[in-house]
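To keep things clear, I will list the structure first and then write my remarks on it.
As a basis for the values below, the full set of heavy atoms in this structure was taken, side chains included, without hydrogen atoms, waters or symmetry mates. Residue numbers begin at 1 in each chain, while the letters A, B, ... track the order of the sequences. Values in this document were obtained by computation on a predicted structure and should not be read as measured data.
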Amino acid sequence: MIDLRALRDNPDAYRDSQRKRGASVEAVDALLSADADHRSALQSFETLRAEQKSLGKKIAGADPDEKKTLLERTKTLAEEVKAAELKVTATASAFDSAGKAIPNLVAEGAPAGGEDDYIVLREVGEKPAIEEPKDHLEIGTALGLLDTERGAKTSGARFYYLTGDGALLQLAMLNLAIQQAVETGFTPMIPPVLVRPEAMEGTGFLGEHADEIYYLERDEMYLVGTSEVPLAAYHSGENLGELTAPRRYAGWSSCFRREAGSYGKDTRGIIRVHQFDKVEMFSFCKPEDAEAEHEKLLSYEEQMLQKMELPYRVIDVAAGDLGTSASRKFDCEAWVPTQGRYRELTSTSNCTTFQARRLNVKYRDEQGKNAVAATLNGTLATTRWLVAILENHQRADGSVAVPKALQPFLGKDVLEPKK
RNA sequence: GGAGGAUUCGCAUAGUGGCCUAGUGCGCCCGCCUGCUAAGCGGGUUUCGGGUGAUACCCGAUCAUGGGUUCAAAUCCCAUAUCCUCCGCCA
């Protein structure tokens, strides 16, 4: 939910933002007029209601004769109040949907345009020179790390088993991510992955992502596509107090995505799957600290990528490719040798107060007033990283070198083909 | 799956149709008193929205949520959610 007061003050900023996203500029004016309608309906209701209340008070203390005449009047008034209230309900819901139609205000520095209009901020690391590289599926299968055939047998396309050292490799990576998160002041969390509609709604995923989400109809619950959802909802309806430093959480969870509309895309291997595991960073902070916190989250992501010894680049995602809640987003993309291109491994978004306004997360500002907090999220490791690790660290003899940082967790420095 | 109980301000509680403008205690904030501290004394303290780009003032909503009854609902009725206790089933 955007800041309505800010929109009233400066509608042009929101029109510009919509333009940058390639979204509807008219939506801003639709919201403004819905707001005006709602406020005028609210005022007539409140006036009538005030009259009704004061009459009610008179009746309580009136003598019988007086009471009778007063009752005559209140009866018609009760009708009017009811009608006015109905109108308020209607304008409120129109206003509400008009409000939800507007995504977060795009940050000033973010590039305008669509998916391909990102700006490359930097490239880090050396792309490995591999003659005839094998892809991660071939390597993973040969080394007994990965079994997509049996995954499909059990659960269908886009499911897989991580087996043996493959399972250990993922656990090692996620453990390292949690360890790093704890060292940098995050509280580790293992959250619920089934959530109620309010949690999904509050994080803004039921809008554009609705098709992507698994829904359990019998229980009215959703399977989360990221632990961002339960982490954001963790403090919903709460006041976090002074919030002198960002409140940071690192969630470890399985993530579930329907991948509707991606038929034929990335069907090979585990680049795009229905279920994967992830360590996700999530911060609550003061709005004025959000930009600095965003840089921090990005730097933690880069630290993890460097520990995995992966060549990567950082992109500043264009406005049209931002999620509903994000005002700015940086992705880190790792080099994938067999594809000859960079693929997204992490994504960090600054949601400013957009998400927190929906979830009703507040803090106490310097004047002691309640104000809406800012939220940010970022990826620290996911199953997809295994793709980049296997492909970049493959060696001519068919083995895969284990990044130094993972060796203590894995107990070995190389993954050999099984004999 | 079944039976019962609960849900009121940050916390604990009072409140069974109009005198509830929701009381009290704790906590918190301001002040007084005190050579310090504690105690004591006085005052303030739900949240959200509108009037209204306003620390004052006025109005409305808010007693888990949504409906209903009524001129009038924290209070009565219905549904839902959550928590607790017990019974059944069970990985």
Side-chain angles (χ1 to χ4, degrees), chain A residues 1-14 31-100 191-202 215-222 230 233-244 247 284 287 353-354 356-373:
Chain A
M1 194 71 203
I2 54 156
D3 182 349
L4 189 68
R5 215 164 269 178
L7 179 130
R8 279 187 207 141
D9 284 352
N10 188 3
D12 279 337
Y14 286 81
L31 177 59
L32 284 172
S33 92
D35 175 41
D37 288 351
H38 176 55
R39 277 197 289 173
S40 93
L42 200 59
Q43 267 187 52
S44 9
F45 164 72
E46 286 181 358
T47 311
L48 287 168
R49 182 73 177 130
E51 196 184 342
Q52 186 185 38
K53 281 175 83 168
S54 75
L55 274 177
K57 234 163 259 176
K58 272 189 204 152
I59 289 172
D63 56 57
D65 282 353
E66 215 179 337
K67 211 170 208 169
K68 212 171 172 188
T69 55
L70 283 173
L71 280 179
E72 288 296 310
R73 267 205 285 164
T74 49
K75 270 193 183 150
T76 55
L77 191 57
E79 298 285 309
E80 287 173 48
V81 168
K82 212 164 253 180
E85 194 172 12
L86 273 178
K87 195 167 176 205
V88 168
T89 314
T91 56
S93 96
F95 168 59
D96 192 53
S97 27
K100 281 187 179 146
V193 294
L194 275 171
V195 300
R196 313 163 138 274
E198 302 91 275
M200 217 34 127
E201 175 76 44
Y215 175 53
L216 281 74
E217 207 166 336
R218 287 178 64 178
D219 302 283
E220 271 193 83
M221 300 205 73
Y222 294 88
Y234 186 66
H235 284 305
S236 68
E238 295 184 18
N239 191 315
L240 302 177
E242 306 261 303
L243 209 54
T244 44
R247 197 81 71 88
F284 297 90
T353 56
F354 190 89
R357 192 166 287 108
R358 274 195 192 184
L359 290 165
N360 191 21
V361 182
K362 307 242 168 123
Y363 74 102
R364 203 161 289 279
D365 70 13
E366 280 80 5
Q367 286 84 44
K369 288 224 165 200
N370 295 335
V372 180

A:Tyr222 and A:Leu216: CA distance, side-chain angles, deciding distance, side-chain contact (heavy atoms from CB on, under 4.5 Å) verdict: CA-CA 6 Å; A:Tyr222 294 88; A:Leu216 281 74; over 6 Å; no
Contact under 4.0 Å: A:Arg39 side-chain N or O vs B:rU52 OP1/OP2: no
Need the pair for [N]. Rule: Watson-Crick or G-U wobble, both distances under 3.5 Å, any strand; none if unpaired.
| N | answer |
| --- | --- |
| B:rA38 | none |
| B:rG18 | B:rC71 |
| B:rA54 | none |
| B:rU24 | B:rA12 |
| B:rC48 | B:rG60 |
| B:rA79 | B:rU65 |
| B:rC86 | B:rG2 |

Derivation of the salt bridge (Lys or Arg N to Asp or Glu O under 4.0 Å) call for A:Arg5 and A:Asp9: CA-CA 6 Å; A:Arg5 215 164 269 178; A:Asp9 284 352; over 6 Å; no
Candidates B:rC59, B:rG50, B:rC71 - which lies nearest the side chain of A:Ala50: B:rC59
Aromatic ring pairing A:His235/A:Phe284, orientation class (parallel under 30°, perpendicular over 60°, tilted between): perpendicular
Between protein and nucleic acid, restricted to nucleotides 61-67 of chain B and to nitrogen or oxygen atoms under 3.5 Å apart, what atom pairs and distances do you find?
| from | atom 1 | to | atom 2 | distance (Å) |
| --- | --- | --- | --- | --- |
| B:rA61 | OP1 | A:Arg49 | NE | 2.3 |
| B:rA61 | OP1 | A:Arg49 | NH2 | 3.2 |
| B:rA61 | OP2 | A:Lys53 | NZ | 2.7 |

Between CG on residue A:Leu31 and CD1 on residue A:Ile2, distance to nearest 0.5 Å: 5.5 Å
Straight-line distance of A:Arg39 CZ to A:Glu46 CD, nearest 0.5 Å: 12.0 Å
Contact nearer the 5' end of RNA chain B, comparing A:Arg364 with A:Glu51: A:Arg364
Pairwise 5' ranking along RNA chain B for A:Asn370 and A:Asp9, keeping only the more 5' one: A:Asn370
A:Arg49 side chain vs A:Val81 backbone, donor-acceptor pair below 3.5 Å: no
Take atom [atom1] in [N] and the same atom in [M], then report the distance between them in whole Å.
| N | M | atom1 | answer |
| --- | --- | --- | --- |
| B:rG42 | B:rA61 | C1' | 33 Å |
| B:rC57 | B:rU16 | C1' | 36 Å |
| B:rA81 | B:rG67 | C1' | 15 Å |

Look for any protein N or O under 3.5 Å of an N or O in nucleotides 78-82 of chain B and output each such pair with its distance, or none.
| from | atom 1 | to | atom 2 | distance (Å) |
| --- | --- | --- | --- | --- |
| B:rA81 | O3' | A:Arg196 | NH2 | 2.7 |
| B:rU82 | OP1 | A:Arg196 | NH2 | 2.5 |

Heavy-atom neighbours of A:Tyr234 OH exceed 12 at 6.0 Å: no
Touch class at under 4.0 angstrom, heavy-atom based, for A:Asn239 against every strand present: nothing
